[in-house]
Amino acid sequence: MSYGTIISATDGNVSVNPEKYAHTPVECFQDEKFGCDISRTFKKYDKILPVDAIKFYTYNGKCCDDSIRIEDGYVYGSLAAALHSPEYGETVKQYFGKIADKNDRAIAANFSLDCRGVFVATMPYCKTDKKLMIINFTESEQPVINLMHNLFVFGEESCACIVEYCVSSGQSPAISNNVTETVVGRNAKINIVRLNEYGANSKLIFSDFHKQCACSVLNHVNIVAGGDTVRTNTEVCLAEKRCDCNLYGLSIASGKQHIDNYTFIDHAVSDSSSNELYKSMADDSATGIFNGRILVRSEAQKTAAYQSSKNILLNRNAKIYAKPQLEIYADDVKCSHGATIGQLNDDELFYMQARGIGKQTARQLLLSGFANEIAGKISDVELREFLVSKINERLAVNINT
Amino acid sequence: MIKITDLYAEVDGKEILKGVNLEIKTGEVHAIMGPNGSGKSTLASVIAGNGRFKVTRGDIVFDGRSILDLPPEDRANLGIFLSFQYPVEIPGVSMPNFMKAAVNERRKFHGLEPVNAHDFLKLMREKAALVGIDSSLINRPVNEGFSGGEKKRNEIFQMAVLEPKLAILDETDSGLDIDALKTVSEGVNKLKNKNNALMVITHYQRLLDYIVPDAVHILYKGKIVESAGRELALELEESGYDRLKNIEA
């Protein structure tokens with residue numbers, strides 16, 4: 001991590017040959033602000049994050065480590081290193097760019113640069129309780145642009161849990177346009193959780209493309225608590241039979257935040273089920289958007305697809321747009337979709353007040369209850385408590401005050 | 001303990017209470033009966049401080065001070081408890097979180113430190129055993145998916161935890177079968193002592209077989225039109241509310 005990081009460590013395509021560079025001090029290419037030697041910051045996060053997990057850091061869109069490691073059932077490291085490794089190069093070539101929809105402009109832009117991002121794989125039949133936490137750290141003393149492309153390949157019958165924690169410091173504009181491609185192997189059971197706590201200087205597009213193989217289970221939790229303008233795209237292709245896909249989302253928007261969640265579930269074949277719950281709350285003059293589309297193709301008989309969007313407006317000037325969409329071309333399916341937009345319930349508030357709970361505390365409890373239904377979908381106790389504490393922290397800071 | 005004088009209240013411009021006078025002393029049990037729409041639940045809501053109702057005249061004095069200008073939470077923390085006729089479900093807020101907030105807000109109100117986790121759990125367990133509520137219920141989200149009887153039992157459980165000076169039971173018997181009525185009443189009776197008071201709102205004297213009142217009042221068209229001892233409830237059971245038809249409120 002201390003040697004020629006900019007040239008060699010993160011991009012991977014270029015490497016420093018010590019002999020060729022014998023008389024040029026490559027150390028001078030390392031800039032503490034720009035490069036990756038910010039281990040002190042990370043050590044701080046290691047301590048702050050009360051989650052027992054393997055921790056892997058990215059800094060301003062680049063992996064802080066260009067090696068590939070194998071630990072507790074996970075193979076993880078930089079995508080570039082994986083591409084150039086004899087063991088995983090073929091896997092990267094097989095899936096990279098094959099799952100994402102490149103017709104989307106933002107995604108095309110992401111592909112226009114070299115692949116820098118995180119590679120994670122699980123070995124077939126490898127069931128691990130250990131979590132892998134990817135901490136995406138953005139520091140914008142200067143304006144920065146992050147373009148990351150992650151690839152997660154989960155082997156057949158594997159179990160894993162990946163937590164992506166996005167956090168930032170600095171006041172200059174920061175733009176992130178990240179793409180993640182995921183392949184969930186046959187019979188695999190995978191949890192992917194993203195907690196986005198980027199600062200108010202951040203404009204973000206996060207695009208996730210998941211492909212599920214037969215009998216696999218994917219639980220995807222997408223929590224947006226930070227950022228200025230945020231767009232998330234979550235697309236799942238249930239490519240083979242008997243898949244189970246659960247998408248859960250939560251956005252907490254205040255000030256002038258704009259949070260737009262788009263989801264697309266493609267029931268391509270029969271006998272799969274999907275269940276989707278997205279919740280949002282908007283305070284001040286913030287905007288929350290849910291646009292969810294479920295496509296049940298004519299081949300996808302015996303599909304069960306449920307979608308629900310629940311939203312709370314906390315201010316006269318806040319806006320919520322909800323657009324649940326269901327397109328069904330098969331005739332033997334069970335599907336439902338719906339959206340609600342409301343305010344805090346006066347009867348619930350009065351009930352709590354009648355028990356001696358002050359109005360402010362009562363509102364906080366209700367909002368926390370509303371939001372933490374999403375955290376409640378996570379079975380891992382430690383991770384759930386971490387998310388609950390983060391959500392409550394966010395609610396206490398500047399929602400409803 | 002509580003003295004209500006010449007109380008007038010309205011909701012959405014419609015006058016519901018038209019000069020209620022009632023005094024309940026420490027240690028007493030008073031029953032309020034009356035036909036549908038006579039203002040019984042409104043009276044309970046107004047005492048608890050529900051903002052939907054507007055008091056236009058009169059006063060409510062509790063423990064020597066007027067409470068009309070107090071928000072509902074302050075009234076609760078002074079010792080007024082309303083057992084709701086229709087307890088709301090609050091998905092996402094767990095009973096322990098809810099009760100802990102209630103207990104701690106009350107402690108704060110009285111200048112006490114928050115309760116520690118161990119003592120709180122002990123309190124919850126003790127009170128659950130006292131009122132005979134299933135411990136699985138008190139770990140679920142507030143009232144979510146509870147049956148009618150479970151909701152009412154949960155109200156009494158909350159009453160047990162909060163130990164109010166004055167408990168107002170608003171049709172706690174409605175929706176209960178005979179067995180549930182009995183267990184809920186037993187819970188209430190265990191909580192009753194000479195230092196607190198009860199105001200029991202009911203349609204039927206059945207509940208009063210279990211919770212024996214010192215006085216029975218008939219509320220009709222927003223006014224208390226008759227007050228007497230326990231025998232009044234029995235008479236009403238015989239004659240129904242027809243006898244009220246001659247009374248001009």
Side-chain angles (χ1 to χ4, degrees), chain A residues 221 223 248-250 252 277-281 308-312 314 338 340 342-378 381 384-385 387-389 391-396 399-400, chain B residues 44-53 70-110 114 140-144 151 154-155 157-159 161-164 167-168 170:
Chain A
V221 179
I223 300 173
Y248 304 112
L250 170 69
I252 304 171
L277 173 64
Y278 261 72
K279 290 187 141 185
S280 75
M281 56 180 85
S308 168
S309 161
K310 294 182 183 169
N311 308 280
I312 292 188
L314 295 166
T340 58
Q343 296 165 1
L344 284 180
N345 184 318
D346 282 341
D347 290 337
E348 293 176 8
L349 279 174
F350 176 64
Y351 187 79
M352 299 180 105
Q353 286 179 281
R355 297 297 176 252
I357 301 170
K359 203 166 187 176
Q360 186 67 24
T361 310
R363 287 175 65 100
Q364 291 286 352
L365 272 172
L366 288 177
L367 288 177
S368 171
F370 175 82
N372 283 313
E373 186 184 357
I374 298 300
K377 299 295 181 186
I378 293 161
V381 176
R384 183 171 67 233
E385 281 174 2
L387 294 175
V388 167
S389 74
I391 289 168
N392 288 344
E393 217 172 80
R394 171 72 175 98
L395 292 176
I399 291 287
N400 180 39
Chain B
S45 296
V46 168
I47 297 172
N50 190 332
R52 279 183 61 218
F53 300 91
L70 296 179
E73 57 269 30
D74 288 0
R75 300 184 194 197
N77 290 331
L78 284 171
I80 295 174
F81 179 91
L82 171 60
S83 168
F84 282 69
Q85 184 180 358
Y86 303 110
V88 294
E89 301 193 8
I90 313 180
V93 178
S94 72
M95 275 300 292
N97 276 350
F98 173 62
M99 289 316 292
K100 201 169 188 178
V103 168
N104 282 338
E105 293 258 318
R106 169 161 308 200
R107 292 179 66 89
K108 194 166 125 195
F109 185 85
H110 294 288
R140 290 206 335 226
V142 180
N143 291 324
E144 194 187 30
K151 282 180 185 167
N154 190 15
E155 295 292 287
F157 166 69
Q158 293 172 38
M159 175 181 158
V161 173
L162 296 173
E163 295 183 330
I168 304 163
D170 188 3

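As the structure is a prediction and not an experimental result, all values here were calculated from the model. The sequence lines fix the lettering, A, B, ..., with proteins before strands; numbering per chain opens at 1.
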Interchain contact, Val142(B) with chain A, by part (heavy-atom threshold 4.5 Å): side chain

Shortest non-hydrogen separation from Leu365(A) to Val93(B) and the atoms involved: O-CG2, 3.4 Å

Which atoms of Glu348(A) approach chain B - backbone, side chain, both or neither, heavy atom under 4.5 Å: both

Met99(B) CE to Ile357(A) CD1 distance, which is reported to the nearest 0.5 Å: 8.0 Å

Residues which pass side chain to side chain contact (heavy atoms under 4.5 Å, CB included) with Arg52(B), listed by chain and number, not counting sequence neighbours: Val11(B), Asn50(B)

Which portion of Asp347(A) sits near chain B, non-hydrogen atoms under 4.5 angstrom: both

Phe84(B) and Phe350(A) aromatic ring geometry - parallel, tilted or perpendicular at 30°/60° bounds: perpendicular

Counterpart residues, side chain to side chain contact (heavy atoms under 4.5 Å, CB included), relative to Pro114(B) (two or more places apart): Asn104(B)

Heavy-atom pair with the smallest gap, counting every atom of Ala76(B) and Ala354(A): CB-O, 3.4 Å

Toward chain A, the part of Pro87(B) with a non-hydrogen atom under 4.5 Å: both

Check: Leu82(B) main-chain N/O paired with Arg355(A) side-chain donor or acceptor under 3.5 Å: yes

Non-hydrogen atoms of Gly356(A) and Glu105(B) that approach each other most closely: O-CB, 3.2 Å

Atom pair CD/OH of Glu89(B) and Tyr351(A) - distance to nearest 0.5 Å: 10.5 Å

Max heavy-atom pair count under 4.5 Å with chain A, selected residue of Gln158(B), Met159(B), Lys108(B): Gln158(B)

Over 12 foreign heavy atoms within 6.0 Å of OH, Tyr86(B): no

Stepwise side-chain contact (heavy atoms from CB on, under 4.5 Å) check, Glu73(B) with Thr361(A): CA-CA 11 Å; Glu73(B) 57 269 30; Thr361(A) 310; over 6 Å; no

